[in-house]
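For reference, the structure is listed below as structure tokens.
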Amino acid sequence: FFDIEPKPFQQDILEQLANERTHGRMRNLLVAATGTGKTVMAAFDYRNLARQQGGLPRLLFVAHRKELLIQARNTFRLVLREPDFGDLFTGKHQPEQNNHLFATIQSLNARKLVSRAKADHWHMVIIDECHHIEANSFEQLLTILKPACLLGLTATPERTDGKNILRHFDNRPD
């Protein structure tokens with residue numbers, strides 16, 4: 001491992017997320033341009049929550065492609081300095097545990113993991129590329145799960161079909 005720290009602009013965003021949560025807004029959308037390190041910021045955000053709780057809270061990281069999950073899991077392992085953190089849950093990868101899971105939405109739905117889980121099983125749910133959140137495949141995840149923290153990651157919150165992804169996140173005051 002080598003030391004990794006957030007860049008100044010990432011630290012500003014992490015502080016904004018922490019501030020939102022102190023005001024009771026636990027469902028947050030992180031919008032940042034491609035290549036700015038949204039996954040890195042999510043990993044640092046999770047690390048900050050873990051430090052507050054004194055352990056590694058249950059995590060579900062959801063994406064629509066296995067490659068995104070592998071990259072995310074590697075990022076979390078690096079930031080947390082935990083070489084074995086998290087299991088993949090994809091078409092070919094069956095997890096050994098469900099407490100720290102990097103899963104495709106397709107696998108979650110096909111194997112009905114969300115419907116079998118308790119609503120609050122995962123303390124934090126992170127949805128990568130969450131501009132896809134309006135797809136039918138996410139409906140069960142969003143209606144059943146009630147995590148303490150929801151974090152959406154996207155570079156493009158506007159959808160061409162006019163559907164509003166912001167309805168899944170807490171409103172910030174103007």
Side-chain angles (χ1 to χ4, degrees), residues 1-21 26-108 113-114 117 121-133 135 137-138 141-142 145 147-157 165 168-169:
F1 287 110
F2 56 88
D3 288 333
I4 181 172
E5 292 298 323
K7 296 178 179 170
F9 77 92
Q10 293 172 326
Q11 186 59 43
D12 289 345
I13 292 171
L14 291 167
E15 289 170 9
Q16 289 176 30
L17 281 171
N19 184 53
E20 291 301 311
R21 291 188 184 120
M26 307 303 284
R27 300 170 68 88
N28 295 286
L29 178 62
L30 193 159
V31 179
T34 301
T36 56
K38 290 180 288 297
T39 304
V40 170
M41 288 185 269
F44 277 111
D45 186 43
Y46 175 80
R47 185 181 79 175
N48 292 342
L49 289 171
R51 287 178 174 172
Q52 288 172 2
Q53 292 193 356
L56 297 172
R58 290 184 301 275
L59 169 74
L60 174 61
F61 189 104
V62 182
H64 63 283
R65 290 193 355 250
K66 177 178 129 181
E67 296 78 17
L68 294 172
L69 296 172
I70 292 170
Q71 178 188 18
R73 185 179 65 170
N74 289 342
T75 299
F76 274 71
R77 287 176 171 181
L78 181 63
V79 167
L80 296 171
R81 302 177 71 89
E82 293 278 344
D84 298 321
F85 182 79
D87 279 342
L88 288 178
F89 186 30
T90 65
K92 293 183 180 180
H93 294 92
Q94 184 68 28
E96 293 182 21
Q97 53 78 33
N98 291 334
N99 290 333
H100 305 110
L101 204 54
F102 293 79
T104 62
I105 189 66
Q106 298 87 349
S107 294
L108 288 172
L113 183 61
V114 170
H121 176 75
W122 289 287
H123 178 81
M124 183 174 210
V125 173
I126 300 171
I127 302 175
D128 197 12
E129 303 283 338
C130 82
H131 51 274
H132 295 291
I133 206 168
S137 57
F138 282 92
L141 180 131
L142 295 168
L145 294 184
C149 297
L150 174 67
L151 181 62
L153 309 175
T154 189
T156 54
I165 71 167
H168 301 288
F169 302 97

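Quick caveat, the model's predicted, so the values are computed rather than measured.
The OG1 atom of T75 sits 10.5 Å away from the CG atom of L80 when rounded to the nearest 0.5 Å. The CG atom of L68 sits 10.5 Å away from atom CG of L153, with the distance rounded to the nearest 0.5 Å. Between R73 atom CZ and E82 atom CD the span is 13.5 Å, to the nearest 0.5 Å. E129 CD to T156 OG1: the interatomic distance, rounded to the nearest 0.5 Å, is 7.0 Å. Between atom CG of residue L88 and atom CD1 of residue I70 there is a gap of 5.5 Å, rounded to the nearest 0.5 Å. I105 contributes atom CD1, which lies 11.5 Å from atom NE2 of H64 (distance to the nearest 0.5 angstrom).
Between R81 and D3 there is a salt bridge, since at least one side-chain N of the basic residue sits less than 4.0 Å from a carboxylate O of the acidic one.
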Could you list the donor-acceptor pairs under 3.5 angstrom formed between side-chain atoms of residues 33-45 and any protein atom two or more places apart in sequence or on another chain?
unit_1	atom_1	unit_2	atom_2	d
T36	OG1	A33	O	2.6
K38	NZ	A32	O	3.1
K38	NZ	A33	O	3.3
D45	OD1	R21	NH1	2.6
D45	OD2	R21	NH1	3.0
D45	OD2	R21	NH2	2.7

Item checked: L17 and N48: CA distance, side-chain angles, deciding distance, side-chain contact (heavy atoms from CB on, under 4.5 Å) verdict -> CA-CA 11 Å; L17 281 171; N48 292 342; over 6 Å; no
Checklist line | ring-ring contact (aromatic ring centres under 6.0 Å, His included) between Y46 and F61, intermediate numbers included | finding: CA-CA 11 Å; Y46 175 80; F61 189 104; over 10 Å; no
Note to self: Under the criterion side-chain contact (heavy atoms from CB on, under 4.5 Å), I'd like the reasoning laid out for W122 against L101: C-alpha separation, chi angles, the key distance, then a yes or no.
What the structure shows: CA-CA 9 Å; W122 289 287; L101 204 54; 4.1 Å; yes
Check: Step by step, would you call Q53 with H123 a side chain to side chain donor-acceptor pair (under 3.5 Å)?
Finding: CA-CA 11 Å; Q53 292 193 356; H123 178 81; 2.9 Å; yes
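Closest heavy-atom contact between V114 and L141: CG1-CA, 3.9 Å. Taking all atoms of both residues into account, the shortest heavy-atom contact from I133 to F169 is CD1-CZ, 4.1 Å. The two residues P6 and Q11 make their nearest non-hydrogen contact at CG-OE1, 3.1 Å. In terms of heavy-atom proximity, G91 sits nearest to S107 at N-OG, 3.3 Å. Annotation for N98 and P95: closest pair OD1-CG, 3.7 Å, computed over non-hydrogen atoms.
In this structure E15 satisfies the salt bridge (charged side-chain N to carboxylate O under 4.0 Å, His left out) test with no other residue, sequence neighbours excluded. Residues satisfying the side chain to side chain donor-acceptor pair (under 3.5 Å) criterion with T154, sequence neighbours excluded, are H131. Looking at residues two or more places apart in sequence or on another chain, you find a side chain to side chain donor-acceptor pair (under 3.5 Å) between E20 and R25, R172.
You'll find the side chain of I165 stays beyond 4.5 Å of the side chain of H132, heavy atoms only. Using a 4.5 Å cut-off on side-chain heavy atoms (C-beta onward), L150 and I127 make contact. Side-chain contact between C149 and L49: present, with at least one pair of heavy atoms (C-beta onward) separated by less than 4.5 Å.
Using cut-offs of 30° and 60° on the angle between ring planes, the pair F85 and H100 is tilted.
Among residue pairs with one or both ends in residues 49-70, those qualifying as salt bridge (Lys or Arg N to Asp or Glu O under 4.0 Å) are R65-E67; sequence neighbours excluded. Sorted by first and then second residue, the pairs that involve residues 87-96 and meet side-chain hydrogen bond (donor to acceptor under 3.5 Å, both in side chains), not counting sequence neighbours, are D87-Q97, T90-H93, Q94-R111.
The only member of N28, V125, L29, D128 that meets side chain to side chain contact (heavy atoms under 4.5 Å, CB included) when paired with L151 is N28.
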